[in-house]
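Have a look at the structure below, then the notes.
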Amino acid sequence: METILGLDLPTWWFLVIGGLITGYGVLDGFDLGAGSLHLFFNKEESRRLVLNAIGPVWDGNEVWLVIAGGALFAGFPLVYGVVLSTFYVPFMLFLVALIFRAISIEFRSKEPWLWWRKMWDISYTVSSTAITLLLGLVLGNLIHGLPMNKEHEFTGNLLTFFNPYAILIAFTTLSLFMLHGAIYLVMKTENRLYTKLTVIVNNCSKFFILCFILTSMATLIYVPHMTHQFKNHPELFVLPLGAVLILLNIKRNIDARKYFTAFLFSCIITACLLILFAVGLYPNIVISTTDPAYSISIYAAASSVKSLKIMLLIAAIGTPMVIGYMIFLFWTFRGKVKLNEMSY
């Protein structure tokens, strides 16, 4: 098989899609976390400040998910079809939550009535939390594996998705995004709201540490296939060790109130956890719990070599442009949030 820099094309596309999903987790993760925390703020001014902290970037952050979906369809059409048909109900709920999150942000400040704003505040928090939990639930089931037959058809039912491990991953994702969002918000605020957020950040860090420990133990005990790559390649143990050290650095920087550094480390640990997930799955994308032979590997699911080469060239051109735009966006809206007549 043709290779580029020692890696075959299906592996390159596995890395591309993994990078796009990681970009989504890092970028949309903090504004989803901010949405989940929204109702913890009681004053109208506080809610407007935290909403405007993510106001310039939340919609752009979601683009990474759209690109990841398109890349999955282009690179691994079999996986795209299997995953979307299997998780049809969770993905429909996910889309509904995305819609309500968007209109909650946009509609909230259109009227001054108290009941109107409270309704959209609740909608914003519920939809943000639902999106996070659904993402975690899908991720947890992909890690755990799915009951599939020889034709790659899902043989379970809706309750199959709600296994204990997937639920744990869902709450771990929620705890990570809440911590990520709280750190971002504390960087963007000041005065009393800043003081309140320092307490919230500490509580979120404890929530995430607990979930991290439970998830690590559950993965080692109940999902042994995720450790195969680490047994075959001991050098990969640097990844889980790095994740632990990064987690400790997040807590250390939070205690020292170095929130920008803590935010960088929360970005890194989000990426690191997704890399651990990818390493555990490789070379499979969808694992069958019915029979390992029914699992879908990147080689069985990949598009033609010509298609992968052309799309990889497009990705190599487009990705730096998107990253450059995101850097420009965050640089433009850097600093503390200030409310004006154009604010939400």
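- With hydrogens and angles left out, the side-chain atoms of Thr172 and Thr215 include a donor and acceptor closer than 3.5 Å.
- Residues forming a side chain to side chain donor-acceptor pair (under 3.5 Å) with Thr160 (at least two apart in sequence, or on another chain): Asn157.
- Side chains of Asp8 and Thr11: a donor-acceptor N/O pair is present below 3.5 angstrom, by distance only.
- Taking the six-membered ring where tryptophan is involved, the planes of Trp115 and Trp113 are essentially parallel, since the angle between them stays under 30° and well short of 60°.
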Working for ring pair (Phe, Tyr, Trp, His ring centres under 6.0 Å), residues Phe94 and Phe87: CA-CA 10 Å; Phe94 176 80; Phe87 294 106; over 10 Å; no

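- With values rounded to the nearest 0.5 angstrom, Ile54 atom CD1 is found 8.5 Å from Asp59 atom CG.
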Determine whether Leu264 and Thr261 satisfy the following criterion, side chain to side chain contact (heavy atoms under 4.5 Å, CB included), listing intermediate values before the conclusion. CA-CA 5 Å; Leu264 292 179; Thr261 308; 5.5 Å; no

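- At a threshold of 4.5 Å between non-hydrogen side-chain atoms, the residues Ile105 and Trp120 do not count as touching.
- Salt bridge Arg117/Asp121: absent, no basic N to carboxylate O contact under 4.0 Å.
- Although no hydrogens or angles enter the test, the distance criterion places no donor-acceptor pair under 3.5 Å between the side chain of Lys336 and the main chain of Lys188.
- Looking only at distances, a side-chain donor or acceptor of Asn141 sits under 3.5 Å from a matching main-chain atom of Phe161.
- Put simply, the side chain of Trp116 gets close to the backbone of Phe107: a donor and an acceptor are under 3.5 Å apart.
- By the criterion of side-chain heavy atoms lying less than 4.5 angstrom apart, applied directly or through intervening Ile, Leu, Val, Met, Phe, Trp or Tyr residues, Leu134 is grouped together with Phe154 in one hydrophobic cluster.
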Test Tyr282 against Phe14 for ring pair (Phe, Tyr, Trp, His ring centres under 6.0 Å), laying out the working first. CA-CA 9 Å; Tyr282 184 84; Phe14 184 75; 5.5 Å; yes

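- Contact check for Asp28 versus Trp64: no side-chain heavy atoms found under the 4.5 Å cut-off.
- Put simply, Tyr294 and Val83 are part of two different groups of oily side chains (I, L, V, M, F, W, Y) that touch within less than 4.5 Å, one to the next.
- By the rule that hydrophobic residues join a cluster once side-chain heavy atoms approach within less than 4.5 Å of another member, Val244 and Leu210 end up as members of separate clusters.
- Here the side chains of Ile67 and Tyr24 are not in contact, with every heavy-atom distance at 4.5 Å or above.
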Run the numbers on Asn253 and Phe265 for side chain to side chain contact (heavy atoms under 4.5 Å, CB included), then give the verdict. CA-CA 9 Å; Asn253 281 284; Phe265 278 117; 3.7 Å; yes

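- Using a cut-off of 4.0 Å between Lys/Arg side-chain N and Asp/Glu carboxylate O, Glu106 and Arg101 are scored as not salt-bridged.
- Considering every non-hydrogen atom in both Leu20 and Ala71, the closest pair reads CD1-CB, 3.7 Å.
- Ala97 and Ile131 get closest at one heavy-atom pair: CB-CG1, 3.5 Å.
- Ion pairing between a basic and an acidic side chain is recognised when a charged N comes within 4.0 Å of a carboxylate O; Lys338 and Glu190 show such pairing.
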Run the side chain to side chain contact (heavy atoms under 4.5 Å, CB included) check on Asp31 and Phe177 step by step: do they pass? CA-CA 8 Å; Asp31 55 54; Phe177 284 4; over 6 Å; no

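- The environment of CZ in Phe330 is crowded: more than 12 heavy-atom neighbours from other residues, nucleotides or ligands sit within 6.0 Å.
- Between atom CD1 of residue Ile275 and atom CD1 of residue Ile21 there is a gap of 12.5 Å, rounded to the nearest 0.5 Å.
- The two residues Ala243 and Phe212 make their nearest non-hydrogen contact at CB-CZ, 4.3 Å.
- A donor-acceptor pair is defined here as one N or O able to donate and one able to accept, closer than 3.5 Å; no such pair exists between the side chain of Ser123 and the backbone of Met119.
- Asn61 and Leu27 make their closest contact through ND2-O, 3.1 Å (heavy atoms, listed as atom of the first residue, atom of the second, distance).
- Annotation: the span from Ile296 atom CD1 to Leu281 atom CG amounts to 12.0 Å, rounded to 0.5 Å.
- When only modelled atom types and interatomic distance are considered, Thr219 and Tyr165 share a side-chain donor-acceptor pair under 3.5 Å.
- Thr155 places a side-chain N or O within donor-acceptor distance of the main-chain N or O of Pro147, the cut-off being under 3.5 Å.
- Distance check: Phe230 CZ to Leu276 CG gives 5.0 Å after rounding to the nearest 0.5 Å.
- Ile167 has its side chain within reach of Phe162: a pair of non-hydrogen atoms, C-beta onward, lies under 4.5 Å apart.
- Side-chain atoms of Lys251 never come within 3.5 Å of backbone atoms of Lys206 as a donor-acceptor pair (strictly under, hydrogens ignored).
- Side-chain atoms of Ser295 come within 3.5 Å of backbone N or O of Ser288 as a donor-acceptor pair.
- Under the 4.5 Å side-chain contact rule for hydrophobic residues, Ile246 and Val26 do not share a cluster.
- Among residues two or more places apart in sequence or in another chain, the ring pair (Phe, Tyr, Trp, His ring centres under 6.0 Å) test is passed with Phe73 by Tyr80.
- Contact of the Ile310 side chain with the Lys306 side chain is registered, since non-hydrogen atoms from C-beta on lie closer than 4.5 Å.
- Ring geometry for Phe263 versus His180: interplanar angle under 30°, hence parallel rather than tilted (30 to 60°).
- Counting only heavy atoms from C-beta outward, the side chains of Leu51 and Tyr124 approach each other to under 4.5 Å.
- A donor-acceptor pair under 3.5 Å is absent between the side-chain atoms of Thr289 and the main chain of Gly145, judged by distance alone.
- For the atom pair OG (Ser175) and CG (Leu168), the distance works out to 9.0 Å, reported to the nearest 0.5 Å.
- Taking 4.5 Å as the limit, some side-chain heavy atom of Val286 sits within range of a side-chain heavy atom of Val79.
- Using a distance-only test at 3.5 Å, with no hydrogens or angles considered, no donor-acceptor pair links the side chain of Asn52 to the main chain of Gly55.
- The heavy-atom pair separating Leu185 from Val50 by the smallest distance is CD2-O, 3.8 Å.
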Quick one, Val82 with Met148, criterion side chain to side chain contact (heavy atoms under 4.5 Å, CB included). Give me CA distance, side-chain angles, the key distance, then yes/no. CA-CA 10 Å; Val82 169; Met148 293 191 305; 4.0 Å; yes

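- A donor atom on one side chain and an acceptor atom on the other are found under 3.5 Å apart for Ser36 and Thr129.
- Counting all heavy atoms, side chain and backbone alike, Pro10 lies closest to Leu308 at N-CD1, 4.1 Å.
- The backbone N or O of Ser303 lies less than 3.5 Å from no partner atom in the side chain of Ser307, so there is not a single donor-acceptor pair.
- There is no path of hydrophobic side-chain contacts, each under 4.5 Å, that joins Phe171 to Leu214.
- Rounded to the nearest 0.5 Å, atoms CG (Leu236) and CG (Leu241) are 12.5 Å apart.
- Counting heavy atoms from C-beta on, the side chains of Ile143 and Val223 come closer than 4.5 Å.
- Looking at Ser128 and Thr125, their side chains never bring a donor and an acceptor atom within 3.5 Å of each other.
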